[in-house]
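Reviewing the structure listed below.
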There are 2 protein chains.
Amino acid sequence: MRGAETKAEIIAVADRLFYQGGFEHTSFAEIAAAVNIARGNFYYHFKSKDEILAAVIARRMASTTALLESWRREIDSPRARLSAFVNILAANGDKIMRYGCPVGSLATELSKLMHAAREAAVGLFDLFRDFLAEQFAALGCAKAEALALHLLMRSQGVAVLATAYRDPDYVAAEMAAMEDWIDREIARGTAARA
Amino acid sequence: MRGAETKAEIIAVADRLFYQGGFEHTSFAEIAAAVNIARGNFYYHFKSKDEILAAVIARRMASTTALLESWRREIDSPRARLSAFVNILAANGDKIMRYGCPVGSLATELSKLMHAAREAAVGLFDLFRDFLAEQFAALGCAKAEALALHLLMRSQGVAVLATAYRDPDYVAAEMAAMEDWIDREIARGTAARA
DNA sequence: GTCTATATCTCGATAGAC
DNA sequence: GTCTATCGAGATATAGAC
């Protein structure tokens with residue numbers, strides 16, 4: 001049963017290293033060294049590097065689903081749930097300024113590689129998009145999915161410029177602008193119903 | 001003098017391949033095959049792969065500078081120059097949906113790699129940022145640089161989601177939203193002066 | 001289930017003939 | 001200035017002892 005723990009640890013370490021260094025740049029040797037196992041042992045758990053990537057994406061899908069579920073459960077208002085999403089940019093600011101967004105950077109890398117796992121990676125965007133659309137719909141906004149995509153787009157744009165310029169003040173300013181935009185869209189939805 | 005042509009061709013091909021497949025993923029063998037020269041010949045022109053990267057960035061800096069200069073020269077109004085920027089998303093839509101934005105994806109990759117050329121690559125963003133700030137300032141907008149960064153941010157966000165979802169209609173919708181946002185900001189600047 | 005040892009490939013880079 | 005030949009390092013992957 002030690003095997004299951006080792007496998008989970010490999011996936012967790014690969015998840016971190018794929019994010020920090022990119023999928024292709026990360027080698028088995030690097031993962032093995034971080035997990036403290038022999039390179040060869042590796043293939044007892046995974047047949048190929050692509051299989052590890054699939055496991056990493058599955059892990060991210062599970063952890064993201066759990067995160068969004070906890071927000072749905074523990075945050076009362078849809079408006080506050082939208083803020084929880086925006087606040088990711090501050091909570092993970094240091095990592096984002098060095099490695100970008102884990103979802104966006106992986107999707108772009110896999111697209112360039114024409115990798116079969118590209119669509120699976122895009123599934124991570126779907127989780128956030130659906131969550132955001134839910135909140136906009138609950139707030140009475142028409143075209144909730146379009147608003148969700150727009151907010152998702154902004155988070156990606158901010159992540160890219162944050163990685164380029166590494167300016168926390170810039171990120172904070174864009175977060176404030178996102179909150180303003182959300183409030184305006186809600187007001188617009190309310191006005192339309194009146 | 002054939003040497004100079006070969007060197008320029010290597011840089012042009014490397015530029016394309018770095019964009020399409022990523023910097024690290026692109027091998028000398030791939031570039032050599034595309035240029036139709038022997039792998040070894042390569043090192044007559046460049047001492048290392050990093051040197052090719054530097055040349056590619058320099059080439060992009062030059063071509064981007066030339067593009068922006070032509071816009072400054074040939075497009076009369078600052079407002080129309082902003083639209084020229086937005087229209088890049090449509091003009092390069094197919095490539096962006098497959099490979100992302102050449103500027104943003106390179107900057108993010110080099111950041112993950114902790115590559116020395118990262119800052120040079122960010123210089124490409126500076127060119128666009130300065131161009132956009134110029135136009136907003138000419139239109140009488142306060143905080144022209146912040147507006148420029150915001151528009152740049154949106155172009156990056158749209159590029160990432162375009163690569164993920166590959167939906168031209170989504171890109172078109174965000175382009176229209178960018179145009180609306182520009183007009184609102186200009187109106188705000190005009191109102192502030194009145 | 002974990003290890004060592006190794007096979008095989010491709011990479012970036014070098015040496016030297018022409 | 002372009003070529004062939006080749007190096008050493010590091011990659012993915014396999015075989016087999018324990």
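- Map B:A38 and A:G40 each onto its nearest nucleotide of DNA chain D; the residue landing nearer the 5' end is B:A38.
- Residue A:T6 has a polar side-chain atom (N or O) positioned under 4.0 Å from OP1 or OP2 of C:dT2.
- Here B:C101 contributes atom SG and B:N92 contributes atom CG; the two are 9.0 Å apart, rounded to the nearest 0.5 Å.
- Residue-environment remark: CG (B:D76) stays at or below the threshold of 12 foreign heavy atoms within 6.0 Å.
- At C:dT2, one or more side-chain N or O atoms of A:H45 fall inside 4.0 Å of OP1 or OP2 (strictly under the cut-off).
- In this structure, A:N41 does not reach the C:dG1 phosphate: none of its side-chain N or O atoms is under 4.0 Å from OP1 or OP2.
- With rounding to whole Å, A:F23 atom CZ is found 13 Å from D:dA11 atom C1'.
- OP1 or OP2 of D:dA13 sits under 4.0 Å from a side-chain N or O of A:Y43.
- Contact check for B:F128 versus B:L151: no side-chain heavy atoms found under the 4.5 Å cut-off.
- In this structure, CD1 of B:I31 is placed 11 Å from P of C:dC11, rounded to the nearest angstrom.
- In this structure, A:D50 places its CG atom 11 Å from P of D:dT12, rounding to the nearest Å.
- One atom, NE2 of B:H25, and another, P of C:dG12, lie 11 Å apart when rounded to the nearest Å.
- Going from atom CG of B:L53 over to atom P of C:dA13 covers 12 Å, rounded to whole Å.
- In this structure, B:S27 does not reach the C:dT10 phosphate: none of its side-chain N or O atoms is under 4.0 Å from OP1 or OP2.
- Here the straight-line distance linking atom CG of A:L106 with atom OH of A:Y99 works out to 16.0 Å at 0.5 Å rounding.
- Separating the CZ atom of A:F28 from the P atom of D:dG10 is a distance of 17 Å, rounded to the nearest angstrom.
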